[in-house]
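Written out below as structure tokens is the structure these notes cover.
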There are 2 protein chains.
Amino acid sequence: MKYNSIGEVSALFNIPESALRYYDKKGLLPLIERDDAGRRLFSERQMALLQAVVCFKNTHMPINSIRKYMEMIVEGAPTLERRLDMMREHKQRMLDEIALLNDYLPTIDEKIERYIKQIEEERP
Amino acid sequence: MKYNSIGEVSALFNIPESALRYYDKKGLLPLIERDDAGRRLFSERQMALLQAVVCFKNTHMPINSIRKYMEMIVEGAPTLERRLDMMREHKQRMLDEIALLNDYLPTIDEKIERYIKQIEEERP
DNA sequence: ATACGACTTAAACCATGGTTTAAGTCAAGC
DNA sequence: GCTTGACTTAAACCATGGTTTAAGTCGTAT
């Protein structure tokens, strides 16, 4: 089994080591292994879980929610339905956020158009 | 000229008075008037500017950027082009954010589909 | 004249999501 | 054997975006 050090993972994911340690401390990287010297070992499985963390973080899931999701993964089958619910709710929040941004785009476009016209009038 | 008190504006926009005072303190509500007793008076103009602040906040513009934009509005015509640039950049960030969320939707959908299948397999 | 409700301020407090710092451990190369 | 680089920790620090608290000022209704 190939393991990556925190430095390698930091480079691969372009995430500061301090952030990876912070995520571990906050419970976002459960079941992480250590070598005899206490150094974190990231397996392929850990990398896949970290990829999920990155997805959730980029889509604005709070750290406490990510932690709960990761804890449920560790608990296994009994939490399948709760994880399904959580993903459905998260998807809905993502759709709501997309809708909100789309709804505000015309407001920004109006300001852009108005400024273009005003600039034309200012210097004829 | 009809003026609204901070309590009325709070109720109209559904924003806590404490937040409105915080925005004022941070320079998001320039040119706000006061009565003889020092109480804030929101004119129609102020309400329109507050509506813009709400739009920017909902679309995740940082408070410091909103403040700069509001300061440029006060400066008037000389800042028209900079405000146009700012709106174009903000629109692009909104589009980028929409694209990012859209790009992650399939990842979430895969998890949802996977959980549905696993739950079916668990209880036949 | 006094109590009440709506407002004011400055300063303290809070949550979130980290980064930085200081001190230490360990393996490897010189 | 000793330095160097990569790692470890706890604790302090930081930025953002507010809310809460304490103390005070008005205007009005009783």
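Looking at B:Leu105 and A:Thr59, their side chains never come closer than 4.5 Å, going by heavy atoms from C-beta outward. Annotation: side chain of B:Gln46 is not in contact with side chain of B:Leu41 (no heavy-atom distance under 4.5 Å).
Ion pairing of B:Lys117 with B:Glu113 is absent here, as no side-chain N (NZ or NE/NH1/NH2) approaches a carboxylate O to less than 4.0 Å.
The stretch residues 39-63 of chain B comes close to DNA chain D through B:Arg39, B:Lys57, B:Pro62, B:Ile63, each having a heavy atom under 4.0 Å from the strand. Residues from residues 4-30 of chain A that place a heavy atom under 4.0 Å from any atom of DNA chain D, listed by number: A:Ser5, A:Ile6, A:Gly7, A:Glu17, A:Arg21.
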Return the polar atom pairs (N/O with N/O) between nucleotides 28-30 of chain D and the protein under 3.5 Å, or none.
none

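Within a 6.0 Å sphere centred on CZ of B:Arg82, heavy atoms belonging to other residues, nucleotides or ligands number more than 12. A 6.0 Å sphere centred on CZ of B:Arg93 holds more than 12 heavy atoms belonging to other residues, nucleotides or ligands.
A pairwise comparison of heavy atoms in B:Met61 and B:Ser65 identifies CG-CB, 3.6 Å as the closest pair. Summarising the geometry of A:Met72 relative to A:Thr79, their closest heavy-atom pair is O-OG1, 2.7 Å, with the distance given to 0.1 Å.
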Go through A:Met87 and A:Phe56 one step at a time and tell me if the side-chain contact (heavy atoms from CB on, under 4.5 Å) criterion holds.
-> CA-CA 10 Å; A:Met87 287 302 98; A:Phe56 295 148; 3.5 Å; yes
Candidate pair A:Arg40 and A:Arg34, rule side-chain contact (heavy atoms from CB on, under 4.5 Å), full reasoning = CA-CA 4 Å; A:Arg40 291 170 185 82; A:Arg34 304 280 187 138; 3.6 Å; yes
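Boundaries of the chain B contact region on DNA chain C are C:dC7 to C:dT9, first to last in 5' to 3' order (nucleotide atom under 4.0 Å from a heavy atom).
Residues passing the salt bridge (charged side-chain N to carboxylate O under 4.0 Å, His left out) test with A:Lys91 are B:Asp109, sequence neighbours excluded.
Exactly one residue among B:Glu33, B:Glu44, B:Glu8 makes a side-chain hydrogen bond (donor to acceptor under 3.5 Å, both in side chains) with B:Tyr3. That residue is B:Glu33.
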For residues 10-20 of chain B, please give each side-chain donor-acceptor pair under 3.5 Å, one per line with the distance, not counting sequence neighbours.
unit_1: B:Ser10; atom_1: OG; unit_2: B:Ile15; atom_2: O; d: 2.7
unit_1: B:Glu17; atom_1: OE1; unit_2: B:Arg21; atom_2: NH2; d: 2.9

